Structure formats: C-alpha cells, structure tokens
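Everything below concerns the one structure shown next.
Keep in mind the model is a prediction, meaning the values are calculated, not measured.
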Protein chains: 2
Amino acid sequence: MSDLVTRLRQRSWRMTPQRRVIAETLDGAHVHYTADEILERAAGRMPEISRATVYNTLNEMVALGEVLELNLDGRSKRYDPNVEHEHHHLICEGCGATKDVHTVGNPMDWLPGDERHGFAVTRASITFRGLCRECAAAS
Amino acid sequence: MSDLVTRLRQRSWRMTPQRRVIAETLDGAHVHYTADEILERAAGRMPEISRATVYNTLNEMVALGEVLELNLDGRSKRYDPNVEHEHHHLICEGCGATKDVHTVGNPMDWLPGDERHGFAVTRASITFRGLCRECAAAS
DNA sequence: TCCTAGACTAGACTTAGTCTAAAAGAAGAT
DNA sequence: ATCTTCTTTTAGACTAAGTCTAGTCTAGGA
C-alpha cells in the first residue's frame with residue numbers, strides 16, 4: 001500500500017514543502033482530522049504555514065481523489081487519506097468517537113433499479129451510529 | 001399517517017403560532033429545506049418571526065425525534081419531517097438534487113459483529129451519490 | 001541563471017449557526 | 001380579573017468554519 005505522498009507524486013502533482021507537511025500529517029493520522037487540526041499540527045512543523053494553504057491543499061487532494069472528505073458531524077469536515085480500501089464509519093452518539101468499518105457485500109446492491117430515479121449511481125457511504133462501550137455503560 | 005403538527009401536539013408540546021408555521025412549512029415540503037429556506041418561507045406567512053426561533057424550533061423537533069437532521073452536503077443542515085418510514089438519500093453530484101430512496105433489506109445487517117467495536121449500534125444512514133439524468137447527459 | 005505559471009501568505013470576508021438579555025405570552029393560583 | 005411564574009420569542013451580537021483577494025514568493029523547466 002503506497003502512502004499518500006507517493007501517490008500524489010506519481011500523479012506529478014507539484015510537491016512543495018507545505019503540501020508535503022500536510023500530506024504527511026494526514027497520512028500519519030489514525031483518526032480523521034479536521035482542517036483546523038491539520039493546520040495546528042502542520043504549523044508545529046512549519047510555523048509560517050497559512051490557513052488558506054491548508055484548505056487549498058486539502059480541497060485539491062480531494063479533487064484528485066486521493067483523500068476523502070467526510071461530513072460526519074455537521075460541524076467541520078474531516079479528511080481521510082485511506083481511499084485505497086472502501087470503508088464506512090461508525091460514530092458514537094455520546095462522545096463522537098469514530099471508527100472505520102467494513103460491510104459485508106456491496107452497498108450498491110442494496111438500492112434496486114426502481115429506486116434510482118434514472119441516476120447513474122456511483123458510490124454509497126454508510127454512517128452507522130450508536131453508543132460505544134464506555135458511553136453505553138455511563139448511561 | 002399523521003402529520004407533523006398532530007404528532008407534536010400528541011406529545012403535548014406547546015404549539016405556538018411560530019412553531020405551527022415552522023412545522024407546517026416543513027411538513028408541506030417535498031424537498032428537504034435548510035433552516036434558512038424555512039425561515040424565508042415562514043417569514044412569508046409571519047413576517048416578524050426571528051431566525052433564532054426557527055433554529056430553536058428545528059433543534060427541539062429534532063431532539064423530540066419528530067424531525068430528522070440531514071448533513072448531505074457539508075454546508076447547511078437540511079430537515080426531513082418524514083421520520084415515519086425509514087429511508088435514505090440519493091444525491092446528484094452535478095446539481096445537488098436529492099431524492100429519498102428505500103433499500104432492500106436492513107442496513108444494520110450489513111455490519112458484522114466483529115466490525116462493531118463493542119458499540120451498541122442503533123441506526124444506519126446511507127448516502128448514495130451519482131449523476132442524475134440531466135447532469136449525466138450534459139457531461 | 002532566469003522566467004513564469006503556479007503556489008503561498010495575511011487578513012478581510014461570507015455563511016451557518018449559537019448565545020444573550022430583555023420583552024412578550026401562556027398557565028395556574030387566588 | 002389579576003398576579004406570579006415559567007416559557008417562548010425577539011433583535012442583534014457573537015462564533016466557527018471556510019472562502020476569497022491581492023500581492024509576494026518559489027519550483028522547476030529553458
């Protein structure tokens with residue numbers, strides 16, 4: 001599995017120091033950061049990096065299809081570099097903890113033809129919600 | 001199928017004129033409005049209604065479980081009064097058009113036990129994306 | 001080394017939504 | 001009917017997330 005920086009360079013995307021720091025921050029994460037969290041962490045390594053660059057860079061990586069933009073909570077967007085393996089998300093309604101999960105079968109099969117309204121359907125994302133062990137125990 | 005105003009009154013929720021206008025606006029819609037669109041339409045019938053009231057009222061209806069809050073595009077939230085029949089959403093990536101859709105089977109079955117991370121999973125929402133007929137033809 | 005398209009920066013701006021403090025309105029007690 | 005109390009509504013200030021702008025800088029090719 002190639003890392004994000006490698007994938008981006010293979011697409012001959014201009015690799016500036018700022019972009020590298022952002023890509024490495026994203027790729028090293030085991031949780032899905034918000035743009036602000038990425039800015040904060042990137043600024044730890046490159047203090048003069050600007051907010052606009054972080055947003056521009058993230059949006060470009062999303063447009064290239066190398067990073068996924070997640071809208072899990074309706075507040076800030078989160079970014080997920082793991083586009084290689086399709087996965088979905090499981091969120092705790094108590095504490096907001098988020099896990100990547102895999103479904104059995106292909107979600108596209110769950111939508112019958114007569115429910116497609118003539119659309120060419122290309123992808124499906126599923127958000128499962130519930131309570132994690134800690135929050136369930138606390139309630 | 002009872003309408004939203006009736007359901008809310010059955011729960012002995014204080015039905016003020018403002019709340020009635022908001023509930024009726026929501027319930028009469030065949031698309032999912034944003035809070036701002038609801039404010040705009042409610043203000044057509046009751047010009048002095050305030051933005052805070054619209055937000056407060058929508059949030060309370062969501063807390064009561066009588067209205068669903070949707071996060072389909074990552075910009076503004078949309079509100080869906082149709083909580084009686086479980087459904088999911090299909091969105092055109094070209095023009096943003098949104099359709100309610102129904103899946104075959106129960107999405108909860110697609111998440112095996114060993115992918116649940118100890119969570120008590122209670123619900124699943126699926127967002128299908130693709131291109132509507134018009135946008136597919138235009139591209 | 002020089003040039004230039006593309007990238008970066010600070011900070012103003014926009015959008016969506018929340019908060020606050022005061023005024024208005026409804027419900028029960030007398 | 002009037003008083004008291006609790007809830008709801010209001011205008012507008014405030015916050016958070018993200019975009020835009022105009023000027024500066026730089027990566028990478030000639």
Practice task
Please tell me if the side chains of B/Glu60 and B/Trp13 come closer than 4.5 Å, counting only heavy atoms from C-beta onward.
Solution key: yes
Practice task
State whether B/Ser50 places a side-chain N or O below 4.0 Å from either non-bridging phosphate oxygen (OP1 or OP2) of D/dT9.
Solution key: no
Handout entry: d(CG, A/Asp73; P, D/dA16) in whole Å
Key = 15 Å
Practice task
Indicate, with a heavy-atom threshold strictly under 4.0 Å, whether A/Ser76 touches base, sugar-phosphate, or nothing.
Solution key: sugar-phosphate
Problem - Min side-chain heavy-atom separation B/Met46-B/Glu48 under 4.5 Å - result: yes
Handout entry: d(CG, A/Leu58; P, D/dA17) in whole Å
Key = 14 Å
Exercise for the section: Measure from CD on A/Glu60 to C1' on D/dT19 and round the result to the nearest Å. Expected result: 14 Å
Practice task
Summarise how protein sits on nucleotides 21-30 of chain D as a single string, 5' to 3': B when a protein heavy atom is under 4.0 Å from the base, S for sugar-phosphate-only contact, - for no contact.
Solution key: ------S---
Practice task
Remember a base hit wins even if backbone is also touched, and classify A/Arg19 as base, sugar-phosphate or nothing at under 4.0 Å, heavy atoms.
Solution key: sugar-phosphate
Would you list the atom pairs, donor with acceptor, under 3.5 Å between side chains in residues 105-118 of chain A and any protein atom, with sequence neighbours excluded?
from	atom 1	to	atom 2	distance (Å)
A/Asn106	OD1	A/Met108	N	3.0
A/Glu115	OE1	B/His102	N	2.8
A/Arg116	NE	A/Leu111	O	2.9
A/Arg116	NH2	A/Met108	O	2.7
A/Arg116	NH2	A/Leu111	O	2.8

Completion exercise
Assert: residue with more 5' nearest nucleotide on DNA chain D, out of A/Asp36 and B/Glu48, is B/Glu48
Practice task
Report the distance from atom CG of A/Asn71 to atom P of C/dA16, rounded to the nearest whole Å.
Solution key: 14 Å
Completion exercise
Rounded to whole Å, CZ of A/Arg51 lies from C1' of C/dT9 at a distance of 12 Å
Problem - Distance below 4.0 Å between B/Tyr55 side-chain N/O and C/dG17 OP1 or OP2 - result: yes
Fill in the blank from the handout: Of A/His32, A/His85, A/His30, the one forming a side chain to side chain donor-acceptor pair (under 3.5 Å) with A/Asp100 is A/His32
Practice task
Starting from C1' on D/dA17, measure out to CD on A/Glu69 and report it in whole angstrom.
Solution key: 12 Å
